Visitor: 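Supplied in structure tokens, the structure appears directly below.
Throughout, protein chains are lettered first and strands after them, A, B, ... in sequence-line order, and every chain is numbered starting at 1. Since the structure is predicted, the reported quantities are computational estimates derived from the model, not experimental observations. Values below: every heavy atom of this structure, side chains too, minus hydrogens, waters and symmetry copies.
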There are 2 protein chains.
Amino acid sequence: MHDGPDDTASGPRWLDAAEREAWHALVGVLLRLPSALDGQMQRDAGITHFEYVVMAALSESAHHTLRMSDLACLSTASLSRLSHVVKRLEERGWVRRAPCSHNGRYTEARLTDEGYAKVVASAPGHVETVRDLVIDALSPEQLTQLRDIGQTILNRIAAQDVFRK
Amino acid sequence: MHDGPDDTASGPRWLDAAEREAWHALVGVLLRLPSALDGQMQRDAGITHFEYVVMAALSESAHHTLRMSDLACLSTASLSRLSHVVKRLEERGWVRRAPCSHNGRYTEARLTDEGYAKVVASAPGHVETVRDLVIDALSPEQLTQLRDIGQTILNRIAAQDVFRK
DNA sequence: AGGTTGTGGTTGAAGCGTCAAGTCAGGCGC
DNA sequence: GCGCCTGACTTGACGCTTCAACCACAACCT
């Protein structure tokens with residue numbers, strides 16, 4: 001499905017059957033898991049999976065507060081995306097923003113009590129979904145395999161990004 | 001990062017360290033791999049990864065033609081999404097749509113010669129990226145592990161979807 | 001102090017995906 | 001044959017992400 005046409009122009013090495021099976025499975029997960037996670041969150045809590053990730057990160061940090069940049073890093077988002085999302089969360093009363101007192105160009109995002117309550121209320125359903133779809137479906141050995149594979153891929157992506165600069 | 005707060009309200013079983021590591025690695029891949037793939041395609045060919053998938057599926061089918069529904073199934077997309085995408089591809093001259101001659105409510109999408117050329121031109125770069133980021137980074141054993149893990153997760157998602165209906 | 005550079009963050013427009021209608025053809029009952 | 005339903009798309013509106021431009025503050029230079 002994802003390899004090229006039947007052309008054999010000596011240039012690239014096309015994928016063999018085993019490689020294709022693995023790749024195909026990965027692409028399937030890439031396409032379907034995010035919407036499954038998002039769907040559960042939307043139905044049960046009325047928020048995006050990403051909004052949950054942002055608020056969960058805040059809920060686990062000291063004083064429920066983080067600098068925008070750190071929060072962006074933790075949630076693997078661009079600063080721009082985060083800014084939009086935090087703005088929406090602020091409108092819903094779950095987050096407050098304020099310039100850092102020590103350094104005026106930093107902005108600190110703080111989870112309100114309502115926001116924390118929202119996270120606490122949403123967390124069990126999320127964990128349950130994660131268990132249903134992934135964790136409980138795999139053996140302990142597969143979990144370590146998954147971790148190793150995932151980290152390897154992430155390293156490759158990071159390496160490529162660095163190389164491009 | 002993705003488990004709940006430190007609350008231990010007996011209800012859900014929170015993730016332990018090993019589970020969290022595996023989950024975290026998977027989420028990282030979920031967030032970063034798609035944009036890496038998309039980025040390569042955008043830079044090198046000026047198309048979306050998903051647009052490539054659609055055209056590649058067409059290029060591998062008989063007469064470079066497929067019914068919209070089948071194409072949607074192959075590319076794991078909703079019919080609606082596919083319709084929008086094919087419309088854009090049509091405007092760029094890479095795909096043509098026509099009602100099926102035998103059954104008027106079917107629509108067949110056919111890759112034009114320009115579209116096929118586009119796929120052929122884009123495929124090597126794509127395969128190379130896939131190799132760089134995933135295939136060549138993993139051992140043969142890891143590839144079969146990845147395939148098994150991915151298929152397990154996909155089965156779970158499918159099972160859940162059926163259950164919800 | 002004044003100007004420059006650079007980093008942190010925000011904003012607006014444009015593009016893509018999703019969801020909820022809407023259209024249109026073929027079957028089926030009568 | 002006529003109404004009605006179902007299945008296969010299509011369309012439009014809305015929300016989110018991205019990208020590029022922008023503003024604000026701080027540090028650095030002279």
Visitor: Take the protein atom CD of B/Glu90 and the nucleotide atom P of D/dT10, then report the distance between them rounded to whole Å.
Guide: 9 Å
Visitor: Parallel, tilted or perpendicular for A/Tyr116 and A/His64, by the 30°/60° rule?
Guide: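 If you compare the ring of A/Tyr116 with that of A/His64, the planes turn out parallel.
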Visitor: From the list D/dC9, D/dT10, C/dG8, which nucleotide is the closest neighbour of the side chain of A/Tyr106?
Guide: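 That would be C/dG8.
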Visitor: Hey, does B/Gln42 have a side-chain heavy atom less than 4.5 Å from the side chain of B/Thr48?
Guide: yes
Visitor: Which residue lies toward the 5' end of DNA chain D, B/Met68 or A/Asn103, if each is placed at its nearest nucleotide?
Guide: B/Met68
Visitor: Between A/Arg131 and B/Arg13 (side chain of the first, backbone of the second, donor and acceptor by atom type, cut-off under 3.5 Å), is there such a pair?
Guide: yes
Visitor: Short question: side chain of A/Arg156, backbone of B/Val134 - any donor-acceptor pair under 3.5 Å?
Guide: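 No; zero donor-acceptor contacts below 3.5 Å.
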Visitor: Could you check how far CZ of A/Arg43 sits from C1' of C/dT18, rounded to whole Å?
Guide: 14 Å
Visitor: Given atom CG of B/Leu89 and atom P of D/dT10, what is their separation to the nearest angstrom?
Guide: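 That distance rounds to 13 Å.
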Visitor: In whole angstrom, what separates A/Arg32's CZ from C/dG17's P?
Guide: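 The distance from CZ of A/Arg32 to P of C/dG17 comes to 16 Å, rounded to the nearest Å.
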Visitor: Do B/Met55 and B/Ile47 have side chains that get closer than 4.5 Å, going by heavy atoms?
Guide: yes
Visitor: Hey, does B/Thr107 reach any base, or is it just sugar-phosphate, or nothing, if we go heavy atoms under 4.0 Å?
Guide: sugar-phosphate
Visitor: With a 4.5 Å heavy-atom cut-off, do B/Arg147 and B/Thr144 have their side chains touching?
Guide: yes
Visitor: Atom CG of A/Leu82 and atom P of C/dT10: how far apart are they, to the nearest Å?
Guide: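 Distance check: A/Leu82 CG to C/dT10 P gives 8 Å.
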Visitor: Report all interatomic pairs (protein N or O, nucleotide N or O of nucleotides 13-19 of chain D) with separations under 3.5 Å.
Guide:
| residue | atom | partner | partner atom | Å |
| --- | --- | --- | --- | --- |
| D/dT17 | OP1 | A/Arg81 | NE | 3.2 |
| D/dT17 | OP1 | A/Arg81 | NH2 | 2.6 |
| D/dT17 | OP2 | A/Arg88 | NH2 | 3.0 |
| D/dT18 | O4 | A/His84 | NE2 | 3.2 |
| D/dC19 | N4 | A/Ser80 | OG | 2.7 |

